[in-house]
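Below, chain A is the first sequence line, B the second, and so on; all start at residue 1.
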There are 2 protein chains.
Amino acid sequence: MSQVFFDAEKHGNARNRFDAGDMVCVRLAQVLRASLAKDRPVTPPTEPAEPVVKPRVRDAEATKARILDAAKKEFAKNGMGGARVDVISEKAKANKRMIYHYFGSKEGLFQTVLENAYVDIRTAEQKLNLDHLEPKLALERLVRFTWDYYLKNPEFITLVNSENLHRAKHLKKSEIIKVYSRKFVSMVEDILARGVAAGQFRSGIDPVQLNITIAAISYYYMTNRFTGSIVFERDLMAKDALEERLRFNIDTILRLVSAE
Amino acid sequence: MSQVFFDAEKHGNARNRFDAGDMVCVRLAQVLRASLAKDRPVTPPTEPAEPVVKPRVRDAEATKARILDAAKKEFAKNGMGGARVDVISEKAKANKRMIYHYFGSKEGLFQTVLENAYVDIRTAEQKLNLDHLEPKLALERLVRFTWDYYLKNPEFITLVNSENLHRAKHLKKSEIIKVYSRKFVSMVEDILARGVAAGQFRSGIDPVQLNITIAAISYYYMTNRFTGSIVFERDLMAKDALEERLRFNIDTILRLVSAE
DNA sequence: TAAGAAAGTAACCAGTTAGTGCGTTAAATG
DNA sequence: CATTTAACGCACTAACTGGTTACTTTCTTA
């Protein structure tokens with residue numbers, strides 16, 4: 001279905017990349033498809049008597065997924081500029097030509113990886129279901145989640161850093177990101193409002209500033225864990241250090257919002 | 001004097017870079033020299049009657065400084081991996097060969113640039129003279145300084161990010177950084193202690209955690225200003241937005257330390 | 001089952017990039 | 001003034017890098 005978007009590449013002049021508009025469509029389709037990936041139809045059994053699902057020799061979706069996975073790691077490790085297309089194709093066990101077939105260019109691949117990364121974190125956040133929790137608990141849970149997510153998905157941070165080095169030129173083109181972001185901001189807005197109503201939080205706090213601060217105190221710690229460990233002469237990634245920091249972060253946010 | 005270290009390059013096998021130890025010495029010497037740069041002896045006037053200081057055609061220090069300046073900008077703009085040695089030499093109006101003459105390699109150049117950047121910010125911090133200010137004011141002034149410094153020196157942030165992408169391999173080799181860092185931590189430690197003694201701050205706050213948090217809330221905002229402006233659908237670098245954030249940051253830190 | 005479409009491959013290319021060999025010229029030194 | 005030392009520049013290269021051409025193999029469908 002969505003494959004139709006890629007056909008242009010083959011028939012048109014090879015120098016003609018997809019324009020920005022096409023790219024958005026491609027991404028949207030890919031992301032939507034990704035969420036359905038698990039129900040992806042396996043080869044329809046021509047012989048119903050044969051119970052063994054023969055593994056596809058050629059599987060566009062699987063190849064694409066392998067490329068995306070390898071690319072995420074490479075981009076996270078070396079940044080957009082430092083990543084090597086050859087390394088990605090090698091790690092993905094896919095021919096380099098496939099990258100250009102599916103993603104058009106190195107930058108197109110980076111954009112998809114980045115978009116997927118954002119969609120992943122925003123989706124995970126929505127699953128937290130904070131709107132039914134007590135405000136203080138909801139906030140604590142969000143801080144905890146943010147911390148854990150960065151800890152378990154360090155690639156996210158590196159990808160975002162790389163994107164900012166490029167002045168967000170890839171994210172600018174993305175449409176879905178904005179949809180997800182709005183839901184995210186309104187989530188914190190809601191917690192804040194409920195906390196004020198319950199007399200627990202002070203009023204007048206900008207949800208965007210709070211959002212930024214919640215991200216900041218975890219993000220900074222993780223992204224600067226290497227230089228930080230040298231500057232402060234302590235292993236910031238030691239188990240104790242991590243636990244201590246998380247406690248400190250929760251404390252910081254609760255003190256920030258609490259009505260005196 | 002320190003030039004002697006580089007001679008090895010000329011006589012020895014060209015493939016033999018300086019070892020880590022030598023590098024440290026070179027850096028130390030360079031940084032110390034940099035602080036004396038202003039009193040650098042100008043060509044001793046052979047003709048005392050001649051009042052015009054003839055501009056040196058060959059000036060090692062000046063060339064080195066131009067390279068360092070151009071390199072800082074290039075590295076900050078494109079990261080260590082994305083920066084191009086040719087571009088640096090061109091911008092510095094120095095021959096590329098000079099970069100290898102003075103800094104040994106692209107990485108050697110990066111290390112020097114990074115070290116200088118750290119020394120610069122730590123030096124500026126020390127000049128704040130916070131030890132004679134009232135604790136609350138001292139802390140506010142530090143938050144304000146950190147904010148302004150990141151705002152006016154965005155290269156610092158990009159350099160640090162790039163260094164963390166490389167797992168701090170360059171900073172690890174640096175000795176001076178540790179000396180400067182200790183002074184920096186003890187500065188905040190001192191403010192905290194005085195605040196507790198005055199009954200203004202609560203006790204038991206880890207100065208390192210506070211330090212990290214002060215940096216984090218400003219650093220994150222700046223480093224993610226591009227993606228942030230998209231995600232939050234507002235121009236984070238607009239004048240109002242900057243002022244609002246600074247106010248929010250000061251508030252965050254004061255609430256964090258204050259005795260209820 | 002024939003034929004078209006899609007998936008996949010290997011070899012290649014043109015431009016780039018960090019790094020050098022070697023020669024030249026200005027300045028310091030005695 | 002002569003000689004040494006340090007600053008500087010040109011031209012070059014080997015390895016790399018994103019991207020492509022031309023082709024084969026497998027799958028789908030009329």
S.K.: Please name all residues satisfying side chain to side chain donor-acceptor pair (under 3.5 Å) with B:D69, sequence neighbours left out, ordered by chain then number.
M.R.: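 B:D69 satisfies side chain to side chain donor-acceptor pair (under 3.5 Å) with B:K73 once adjacent residues are dropped.
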S.K.: Could I get the full list of side chain to side chain donor-acceptor pair (under 3.5 Å) partners for B:R167, not counting sequence neighbours?
M.R.: none
S.K.: Output the rounded distance in Å from CG (A:L109) to C1' (D:dG18).
M.R.: 12 Å
S.K.: Enumerate, atom names and distances included, each donor-acceptor pair closer than 3.5 Å involving a side-chain atom of residues 88-96 of chain A, sequence neighbours excluded.
M.R.:
from	atom 1	to	atom 2	distance (Å)
A:S89	OG	A:D86	O	2.9
A:N95	OD1	A:R97	N	2.9

S.K.: What is the distance from CD1 of B:I99 to P of D:dC8, rounded to the nearest Å?
M.R.: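 Going from CD1 in B:I99 over to P in D:dC8 covers 13 Å.
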S.K.: Mind checking what makes ring pair (Phe, Tyr, Trp, His ring centres under 6.0 Å) contact with A:Y118, not counting sequence neighbours?
M.R.: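 Only A:F156 meet the ring pair (Phe, Tyr, Trp, His ring centres under 6.0 Å) criterion with A:Y118.
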S.K.: Between C:dG8 atom C1' and A:E61 atom CD, what is the distance in whole Å?
M.R.: 15 Å
S.K.: What string of B, S and - do you get for nucleotides 9-18 of chain C, 5' to 3', when a contact is any protein heavy atom under 4.0 Å?
M.R.: BB------SB
S.K.: What integer distance in Å separates B:E90:CD from D:dC8:P?
M.R.: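 The answer, rounded to whole Å, is 18 Å.
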S.K.: Answer yes or no: does a side-chain N or O of A:S105 lie under 4.0 Å from OP1 or OP2 of D:dG18?
M.R.: no
S.K.: Determine, step by step, whether A:Y220 and B:Y220 satisfy the ring pair (Phe, Tyr, Trp, His ring centres under 6.0 Å) criterion, reporting the C-alpha distance in whole Å, the side-chain angles of both residues, the deciding distance to 0.1 Å, and the verdict.
M.R.: CA-CA 6 Å; A:Y220 177 89; B:Y220 176 89; 9.5 Å; no
S.K.: Does a nitrogen or oxygen in the side chain of B:H101 sit under 4.0 Å from OP1 or OP2 of D:dA7?
M.R.: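 Looking at the OP1 and OP2 atoms of D:dA7, one of them is under 4.0 Å from a side-chain N or O of B:H101.
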S.K.: Rounded to whole angstrom units, what separation is found between the CD atom of A:E107 and the P atom of D:dT17?
M.R.: 17 Å
S.K.: Quick one: salt bridge (charged side-chain N to carboxylate O under 4.0 Å, His left out) partners of A:K172, sequence neighbours excluded?
M.R.: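 For A:K172 there are no salt bridge (charged side-chain N to carboxylate O under 4.0 Å, His left out) partners, ignoring immediate neighbours.
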S.K.: Between C:dA7 atom P and A:K64 atom NZ, what is the distance in whole Å?
M.R.: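 So the NZ-P distance, A:K64 to C:dA7, works out to 8 Å.
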